[in-house]
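Chain identifiers are assigned alphabetically (A, B, ...) following the order of the sequence lines, protein sequences preceding nucleic acid strands; residue numbering begins at 1 within each chain. Keep in mind it's a predicted model, so treat the numbers as computed, not measured.
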Amino acid sequence: MRIVMHVDFDSFYASLEEQRKPEIKGKAIVICMYSGRGESGAVATANYKARELGIKSAMPIAFAKRRANSDTIFLPVDLEYYRSISSQIMDVMESYADSFQQASIDEAYIDVSSCESFTEAEKIAKQIKDDIKSNFGITCSIGIGPNKLVAKMASRAKKPDGLTVVKQEDVKNFFSSLSVDKIHGIGGKTTTVLAEMGIKTIEDLAKADVAKLELSFGKNKAKLLKEKALGTDESPVAEQAIKQMSRIGTLQEDTSDFSEIYKKVEQFATEMHKKIIKRKIYFRTVSIIIIGANIEMVTRGKTIQATNKLEDILDNAKILLKEYLNQDSGKVRRAGIRISNLVTEEQKENSGLYKFFK
DNA sequence: CGACGTGTAAC
DNA sequence: CCTTTTACACGTCG
């Protein structure tokens with residue numbers, strides 16, 4: 001039996017800004033991602049004061065400004081700073097872990113199965129919270145459960161600065177009160193379809209007929225939904241191998257001019273190339289990502305032999321972009337690049353051997 | 001089955 | 001009025 005902890009830093013970006021700018025403490029704070037077109041952009045994080053005004057992550061900045069009052073602070077993201085602090089906190093947390101998994105810049109799973117009991121795990125959680133608070137001046141919310149799914153849902157149950165423990169025998173009771181959209185992995189679309197089937201609570205979902213779920217969701221997802229509703233999750237706490245890498249950005253203005261768009265793609269490709277060389281990663285697929293003036297996203301990709309050369313990204317991106325602009329229509333608002341089908345050096349060598357012996 | 005493009009979801 | 005990055009599942013095509 002495992003004991004898994006999920007740690008979630010409370011409105012991380014906003015908390016860090018508050019921490020280094022004491023004069024804004026106590027105010028509504030909105031951390032913004034600007035696209036480079038004046039005030040256009042989206043909200044990355046809003047602190048709890050700002051959330052009370054109805055300002056939420058992913059909301060267009062223009063919307064947030066309408067909801068803001070004269071005391072609301074708007075700041076641009078400083079990702080480099082957040083990343084450096086995040087990595088320091090991750091190091092601290094990892095020191096408490098039997099195994100560790102960073103889930104994002106502000107979330108991590110800590111396997112503490114070597115604890116004799118949930119009570120002991122809870123003590124460690126308190127230590128972690130104190131440790132983070134005294135060393136970095138921010139709070140976090142922690143959930144403890146028998147697996148990652150339950151731990152994650154527990155950490156969300158009480159925020160900010162929460163600590164929630166859900167033992168195996170408490171899972172059923174903890175879940176029964178919640179609506180399906182509280183399950184990690186069930187978003188708006190799935191919730192709507194489930195509601196049409198008369199399934200509203202996690203309890204409803206746990207009792208639902210799998211065959212009926214399969215009609216709407218397909219075999220795989222139906223099974224997954226059912227498992228989640230029962231609080232089952234065997235996935236281990238372990239760092240996941242990276243499978244793809246992408247960069248995308250907004251153009252100065254909407255355009256269908258090849259060289260304007262390619263300039264941006266080239267810039268992203270160069271940055272990404274540095275990263276894969278440093279990490280000794282090879283790729284097999286190059287894709288361009290295009291978001292039109294209508295905000296619809298399109299991707300066009302091509303798979304080749306494993307490589308790590310910048311030239312291979314650039315050449316393929318160039319071809320794909322030309323093809324796209326030739327046939328498709330409409331102006332482009334945002335453009336970017338993705339490499340996927342990532343392989344390690346070793347995997348690349350092996351695929352070479354396979355070819356050799358074939 | 002692999003490749004490709006889209007949709008859903010979470011951050 | 002519209003950000004960024006990653007993962008995964010599904011349908012389709014050859």
Do any of residues 31-52 of chain A sit with a heavy atom less than 4.0 Å from DNA chain C, and if so which?
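Under 4.0 Å from DNA chain C: M33(A), S40(A), G41(A), A42(A).
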Please list, in numerical order, the residues of residues 244-257 of chain A that have a heavy atom closer than 4.0 Å to any atom of DNA chain C.
Q244(A), M245(A), S246(A), R247(A), I248(A), G249(A), T250(A)
Could you tell me which residues satisfy side chain to side chain donor-acceptor pair (under 3.5 Å) with [X], sequence neighbours excluded, listed by chain and number?
{"X": "S155(A)", "answer": "H6(A)"}
{"X": "N220(A)", "answer": "none"}
{"X": "N341(A)", "answer": "T285(A)"}
{"X": "D131(A)", "answer": "Y96(A), N135(A)"}

Only distances under 3.5 Å count here; give the side-chain donor-acceptor pairs of residues 190-199 of chain A to other protein atoms, sequence neighbours excluded, each with its distance to 0.1 Å.
from: T190(A); atom 1: OG1; to: K221(A); atom 2: NZ; distance (Å): 3.1
from: T191(A); atom 1: OG1; to: G187(A); atom 2: O; distance (Å): 2.6
from: T192(A); atom 1: OG1; to: G188(A); atom 2: O; distance (Å): 2.9

Apart from V237(A) itself, members of its ILVMFWY cluster (side-chain separation under 4.5 Å) are V4(A), Y109(A)
Got a sec, which pairs hit salt bridge (charged side-chain N to carboxylate O under 4.0 Å, His left out) with one end in residues 156-185 of chain A, sequence neighbours left out?
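Passing the test, one end in residues 156-185 of chain A: D8(A)-K159(A), K129(A)-D161(A), K133(A)-D161(A).
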Scoring nucleotides 1-11 of chain B by protein non-hydrogen atoms under 4.0 Å (B base, S sugar-phosphate only, - none) yields --SSSB-SSSS
What do you reckon, is CD of E253(A) surrounded by more than 12 foreign heavy atoms closer than 6.0 Å?
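For E253(A), atom CD is not crowded (no more than 12 foreign heavy atoms under 6.0 Å).
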If each of I295(A) and K275(A) is mapped to the nucleotide of DNA chain C with the nearest heavy atom, which maps nearer the 5' terminus, i.e. the 5' end?
I295(A)
Toward the 5' end of DNA chain C, which comes first, A241(A) or N220(A), by nearest nucleotide?
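Result: A241(A).
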Result block: side-chain N/O donor-acceptor pairs under 3.5 angstrom for residues 306-315 of chain A, not counting sequence neighbours:
from: T307(A); atom 1: OG1; to: K309(A); atom 2: N; distance (Å): 3.0
from: T307(A); atom 1: OG1; to: D312(A); atom 2: OD2; distance (Å): 2.6

Just checking, is any N or O donor in the side chain of [X] or [Y] under 3.5 Å from an acceptor N or O on the other one?
{"X": "S259(A)", "Y": "D257(A)", "answer": "yes"}
{"X": "Y82(A)", "Y": "E17(A)", "answer": "yes"}
{"X": "D98(A)", "Y": "S113(A)", "answer": "no"}
{"X": "T232(A)", "Y": "N147(A)", "answer": "no"}

Shoot me the first and last contacting nucleotide of DNA chain C against chain A, ordered 5' to 3', at under 4.0 angstrom to non-hydrogen atoms.
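First-to-last contact on DNA chain C, by the 4.0 Å heavy-atom rule, is dC1(C) to dC10(C).
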